[in-house]
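Small disclaimer: the values here were computed from a predicted structure and weren't measured. Order of listing sets the numbers, starting from 1, for every ligand and every atom in it. Numbers for residues simply follow the sequence, beginning at 1.
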Amino acid sequence: MRKIIFVTGNAHKIKEAVFILSQRGITVEQNNCGYPELQEDELEKIAAYGAEWAANKLGSEVMVDDSGMFIRALGGFPGPYSAYVFDTLGNERILKLMEGETDRKAVFRCVIGYCIPGEKARLFTGEVDGEISLVGRGDAGFGYDPIFAVGGRTFGEMGDDEKNRLSHRYRALLKFAEWLNEGKENYIN
Ligand code: IMP
């Protein structure tokens, strides 16, 4: 099994990464050392900086995950500021901002940054189109899961199995796993 250190304080992200990567011959180990989160306007820059910083600090290869939800009617808000907005406004106030809005389209994006000490980060992106629900539904998952719906069901209403077969994180991790396993035949799908 290939082992990879995932630098994050988010236990939900770890659980999803273990679910997705273990089926592809990759073991995930959590490291909680943290890294400076740049206030940047692109997830890619935040993930690259974090991966490079953490790889150099730990002296080993690492992965990080930076994700964001982009609401079309709000000009892409909260996007790269999703963590700050979730902590300050939360789902109920986002639903309030969307009250009366008929364009409910949104995109969830995930950028996985992978880095070897002393090198530049490599990035793997995944995104999924969805809609902001009218009310929060379901208590599975974390963060924006109760208000982000794909095919009429929110991530909060989906089991791990369902979310992890179509999510932004799944799509980014799949590319990452394929790249890590390149030339090998030890992954499924
Ligand atoms: P970050 O990637 O930890 O910066 O996440 C940005 C914000 O989006 C945080 O508030 C997370 O809780 C939230 N978030 C990240 N990934 C997901 C997800 O898969 N579902 C719902 N919310 C998420």
Side-chain angles (χ1 to χ4, degrees), residues 6-21 28 30-54 62-71 74 76-95 97-98 104-115 121 123-133 135-151 153-176:
F6 185 177
V7 180
T8 179
N10 187 325
H12 297 278
K13 287 187 181 177
I14 291 286
K15 194 172 164 215
E16 293 183 7
V18 167
F19 187 98
I20 295 160
L21 294 179
V28 176
Q30 181 175 16
N31 185 291
N32 230 329
C33 76
Y35 52 86
E37 279 224 19
L38 296 185
Q39 282 300 315
E40 275 286 352
D41 55 5
E42 284 174 33
L43 301 180
E44 282 81 355
K45 288 185 191 159
I46 304 168
Y49 183 83
E52 288 165 15
W53 191 94
V62 299
M63 62 175 277
V64 304
D65 165 326
D66 201 65
S67 299
M69 184 176 74
F70 298 73
I71 303 176
L74 303 180
F77 176 87
Y81 310 106
S82 291
Y84 179 72
V85 170
F86 184 79
D87 292 342
T88 51
L89 296 184
N91 287 336
E92 284 311 314
R93 304 223 349 238
I94 292 193
L95 290 178
L97 279 177
M98 290 293 288
R104 319 266 328 163
K105 290 203 180 313
V107 177
F108 226 123
R109 298 192 66 230
C110 172
V111 179
I112 298 295
Y114 164 83
C115 192
L123 303 176
F124 304 86
T125 62
E127 59 180 59
V128 59
D129 292 326
E131 293 189 342
I132 303 300
S133 57
V135 293
R137 297 196 314 263
D139 50 20
F142 68 105
Y144 297 107
D145 279 350
I147 65 166
F148 187 83
V150 179
R153 286 158 58 71
T154 68
F155 277 164
E157 293 175 302
M158 297 181 188
D160 291 349
D161 201 44
E162 199 176 348
K163 179 182 176 189
N164 288 331
R165 279 180 201 284
L166 54 80
S167 77
H168 50 309
R169 184 159 298 107
Y170 165 73
R171 289 175 181 170
L173 286 172
L174 191 61
K175 290 185 194 166
F176 177 48

Could you see which bit of [X] sits under 4.0 Å from ligand 1, with heavy atoms only: side chain, backbone, both or neither?
X: His12; answer: neither
X: Tyr144; answer: both
X: Met69; answer: neither
X: Phe148; answer: neither

Atom indices of ligand 1 within 4.0 angstrom of [X] heavy atoms, with elements:
X: Asp66; answer: 2 (O), 4 (O)
X: Lys13; answer: 1 (P), 2 (O), 3 (O)
X: His168; answer: 16 (N), 17 (C), 18 (C), 19 (O)
X: Lys163; answer: 18 (C), 19 (O), 20 (N)

Verdict with reasoning, Arg109 to Glu44, per salt bridge (charged side-chain N to carboxylate O under 4.0 Å, His left out) = CA-CA 10 Å; Arg109 298 192 66 230; Glu44 282 81 355; 2.8 Å; yes
Taking Lys105 for the side chain and Gly130 for the main chain, is one N or O donor matched with an acceptor at less than 3.5 Å?
-> no
Please answer whether the main-chain N or O of Ser133 pairs with a side-chain N or O of Arg104 as donor and acceptor at a distance below 3.5 Å.
-> yes
Looking only at distance, does Arg169 have an N or O less than 3.5 Å from an N or O of ligand 1?
-> yes
Would you check whether Asp145 has a nitrogen or oxygen atom less than 3.5 angstrom from a nitrogen or oxygen atom of ligand 1?
-> yes
Parallel, tilted or perpendicular: which fits the ring planes of His168 and Phe155, with parallel below 30° and perpendicular above 60°?
-> parallel
How close does the nearest protein non-hydrogen atom get to [atom], and which residue and atom is it?
atom: atom 6 (C) of ligand 1; result: Ser67 O, 3.4 Å
atom: atom 9 (C) of ligand 1; result: Ala83 CA, 3.7 Å
atom: atom 10 (O) of ligand 1; result: Phe86 CB, 3.3 Å
atom: atom 11 (C) of ligand 1; result: Phe142 CE1, 4.1 Å

Are Asp160 and Lys15 close enough for a salt bridge, meaning some N to O gap below 4.0 Å?
-> yes
Before accepting this row, confirm whether a basic side-chain N of the pair Lys163/Glu157 lies closer than 4.0 Å to the acidic partner's carboxylate O.
-> no
Side chains of Leu43 and Ser67: does their closest heavy-atom pair fall under 4.5 Å?
-> no
Are the aromatic ring centres of Tyr144 and Phe86 under 6.0 angstrom apart?
-> yes
At what distance, to the nearest 0.5 angstrom, does CG of Leu38 lie from OH of Tyr49?
-> 6.0 Å
